[in-house]
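Everything below concerns the one structure shown next.
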Amino acid sequence: MDTRIINFYEDGFKDCVNEIRENGVVVFPTETVYGIGGNALSPQAINKIFEVKNRERDNPLIVHVCDYDISKYVKNVSEDSKKLIDKFWPGPLTIIFEKSSIIPYETTGGRESVGLRMPNNEIALKLIKESGCPIAAPSANISGRPSGTNSKRCFEDLKGKVKFIIDGCESKIGLESTVISMINDEPIILRPGYVTLQDIQKVLPRVKMYERVNEKILDENPISPGMKYKHYAPKGKMVIVKGNMENIRSYVKQEIINHKKVGVLCFKENYKFYREISEELNLVVVGSKSDLNEIGKNLFESIRRFDDLNCDFIISECLNEDFSTAIMNRLLKAASFNVITF
Ligand code: TXA
Ligand code: MG
């Protein structure tokens with residue numbers, strides 16, 4: 001299969017709309033990360049998404065809408081959910097509801113609940129509107145790999161597997177949406193994202209962060225299936241380091257001897273520190289510690305850079321502030337929760 005990269009402003013967009021209407025799949029940009037989408041109401045389209053991504057069938061897909069009237073897709077929209085929709089849609093917040101019967105179990109990984117989100121991206125909204133159906137879309141990467149935040153990276157993972165990738169430049173946010181469950185009495189954040197706990201508390205003071213979001217989850221049946229699967233991994237082994245800088249320096253020197261090609265994911269502020277350890281280190285600067293949005297935007301692209309550089313061992317710095325819950329969540333998963341404290 002040939003994979004075409006489509007410019008939204010040219011003719012190919014119509015072909016993408018037709019592809020969705022005919023139960024095919026299309027890669028498209030959103031403000032968070034790129035999605036690989038198909039008609040959320042069509043088991044045939046949904047099966048294709050799972051096949052192309054090589055995704056576990058019990059891991060539910062997020063359903064993307066372009067309209068505030070979601071009553072067809074869910075059993076009930078509570079007053080609290082309405083508040084979230086008013087405040088955060090269109091935007092990077094996925095809300096989990098009890099699903100209506102129109103949403104097939106293929107889409108929800110067999111669950112009675114469904115996650116909905118209205119993306120804040122012109123191309124995504126137009127694709128949903130013109131296709132005439134809600135679009136189920138996980139991130140546009142092979143399962144386990146870092147999410148794609150530009151058309152080039154999506155092409156790298158999915159070439160020959162999808163017909164169309166719509167180019168929409170770099171994703172503005174770069175991390176996937178915050179996922180909040182509204183199906184029980186207590187609203188609970190299942191995946192941290194750009195919309196933080198503090199942002200949501202302003203609208204719903206009762207909201208809580210699931211206490212294990214940044215833990216390694218081995219349960220057979222976790223609260224959100226995505227938690228138990230491997231995520232965001234570069235090809236080399238990755239570890240996160242924190243603590244005393246002098247000890248980190250000795251550790252890095254030792255690992256240069258132990259491995260063929262060592263990479264370091266660092267903040268702008270510490271570039272010099274690592275450069276001075278060795279000219280051999282492959283340094284990727286993810287952004288400045290004083291600009292978390294910049295770090296979020298660059299994170300997945302930076303992790304993929306180590307594959308371009310053929311690094312077999314990657315050492316990453318870490319953070320501990322507010323929106324950094326989301327950044328650290330992705331980093332911890334990329335490193336399979338390997339954290340070394342010095
Ligand atoms: O920003 C995003 O959310 C991107 C863009 C494309 O919209 N999508 C995305 O999808 O990140 P995906 O499939 O990579 O991640 C969806 C996450 C998974 O961890 C999944 O387990 C969880 O949301 N999820 C979806 N529906 C759920 C449900 N009904 N109950 C619990 N967790 C759910
Ligand atoms: Mg994903």
Side-chain angles (χ1 to χ4, degrees), residues 25-38 40 46 49-50 52-66 73-75 88-100 103-121 123-125 127-128 134-149 153-154 157 166 168 171-184 188-195 210 213 217 219 221-233 296 300 326 329-330 333-334:
V25 301
V26 170
V27 172
F28 64 98
T30 85
E31 81 282 29
T32 57
V33 299
Y34 277 63
I36 170 169
I46 300 304
I49 296 174
F50 279 98
V52 169
K53 269 203 72 153
N54 195 19
R55 182 180 172 104
E56 304 286 343
R57 300 272 166 170
D58 69 346
N59 195 2
L61 307 183
I62 293 172
V63 174
H64 298 71
V65 297
C66 64
Y73 312 128
V74 305
K75 278 205 177 133
F88 296 108
W89 282 9
L93 183 71
T94 296
I95 307 175
I96 298 180
F97 299 91
E98 264 186 80
K99 78 174 195 74
S100 72
I103 303 282
Y105 286 111
E106 281 81 355
T107 303
T108 67
R111 300 198 159 214
E112 294 299 336
S113 60
V114 62
L116 297 185
R117 159 167 128 82
M118 186 188 289
N120 188 11
N121 176 290
I123 300 176
L125 291 171
L127 185 68
I128 304 165
I135 294 185
S139 50
N141 50 275
I142 297 294
S143 283
R145 300 272 299 138
S147 306
T149 53
R153 293 303 187 181
C154 298
D157 271 23
I166 309 175
S171 296
K172 284 209 180 83
I173 293 177
L175 297 182
E176 306 88 340
S177 60
T178 304
V179 176
I180 184 169
S181 171
M182 297 300 288
I183 53 180
N184 295 316
I188 183 160
I189 297 175
L190 303 181
R191 179 172 73 180
Y194 185 79
V195 176
Y210 178 55
V213 278
I217 306 264
D219 317 12
N221 210 354
I223 183 164
S224 176
M227 290 173 178
K228 70 180 172 189
Y229 293 119
K230 186 175 169 211
H231 271 97
Y232 317 126
F300 290 135
N329 176 266
R330 307 316 190 264
K333 291 186 178 186

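Remember, it's a predicted structure, so these values are computed and weren't measured experimentally. Positions are given from 1 along the sequence. Ligands are counted one by one from 1 in listed order, and the atoms in each one are counted from 1 as well.
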(request) Determine, stepwise, if the pair Tyr105 / Glu112 fulfils side chain to side chain donor-acceptor pair (under 3.5 Å). (result) CA-CA 8 Å; Tyr105 286 111; Glu112 294 299 336; 2.8 Å; yes
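- Checking Ser139 against the Mg ion (ligand 2), an N/O/S atom falls under the 2.8 Å cut-off.
- Pro92 does not count as a contact of ligand 1, since none of its heavy atoms falls under 4.0 Å from the ligand.
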(message) Using the rule given for side chain to side chain donor-acceptor pair (under 3.5 Å), can you reason through Arg153 versus Ser147, listing the C-alpha separation, both sets of side-chain angles and the distance that settles it, and then say yes or no?
(response) CA-CA 9 Å; Arg153 293 303 187 181; Ser147 306; over 6 Å; no
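- Under the 4.0 Å criterion applied to side-chain N and carboxylate O atoms, Glu31 and Arg117 are assigned as salt-bridge partners.
- Side chains of Val213 and Ile189 form no contact here, defined as non-hydrogen atoms less than 4.5 Å apart.
- Checked against a 3.5 angstrom limit, the closest N/O atoms of Thr30 and ligand 1 fall outside it.
- Geometrically, Lys333 does not engage Tyr229 in a cation-pi contact, judged by NZ or CZ lying under 6.0 Å from the ring centre and within 45° of the ring axis.
- At a heavy-atom distance under 4.0 Å, no atom of Glu112 approaches ligand 1.
- Of all the heavy atoms in Val33 and Ser139, the pair that sits closest is CG2-CB, 3.9 Å.
- Put simply, no part of Met227 is less than 4.0 Å from ligand 1, judged by heavy atoms.
- Trp89 has its side chain within reach of Ile95: a pair of non-hydrogen atoms, C-beta onward, lies under 4.5 Å apart.
- Contact annotation: for His64 versus ligand 1, heavy atoms closer than 4.0 Å belong to the side chain alone.
- Of the heavy atoms in Ala137, only backbone atoms (N, CA, C, O) come closer than 4.0 Å to ligand 1.
- When each atom of ligand 1 is checked for a heavy atom of Ile96 under 4.0 Å away, the hits are 27 (C), 28 (C), 29 (N), 30 (N), 31 (C), 32 (N), 33 (C).
- Polar contact with ligand 1: present for Ser177 (N/O pair, distance under 3.5 Å).
- At least one heavy atom of Ile62 sits less than 4.0 Å from an atom of ligand 1.
- Under a 4.0 angstrom heavy-atom cut-off, Pro119 registers as lying outside contact with ligand 1.
- Looking at ligand 1, you'll find an N or O of Gly226 within less than 3.5 Å of one of its N or O atoms.
- Below 4.0 Å from some heavy atom of Ser113 lie the following atoms of ligand 1, by number and element: 28 (C), 29 (N), 30 (N).
- By the 6.0 Å contact criterion, NZ on Lys172 is open, its count of non-hydrogen atoms from other residues, nucleotides or ligands being 12 or less.
- With a 4.0 Å cut-off on non-hydrogen atoms, Thr108 does not touch ligand 1 at all.
- Contact of the Ile128 side chain with the Pro119 side chain is registered, since non-hydrogen atoms from C-beta on lie closer than 4.5 Å.
- Interface atoms of ligand 1 facing Asn59, defined by a heavy-atom separation under 4.0 Å, are 18 (C), 20 (C), 21 (O).
- Looking at Arg191, Glu176, His231, it is Arg191 that brings a heavy atom closest to atom 15 (O) of ligand 1.
- Nearest heavy atoms, Pro92 versus Thr32: CB-CG2, 3.6 Å.
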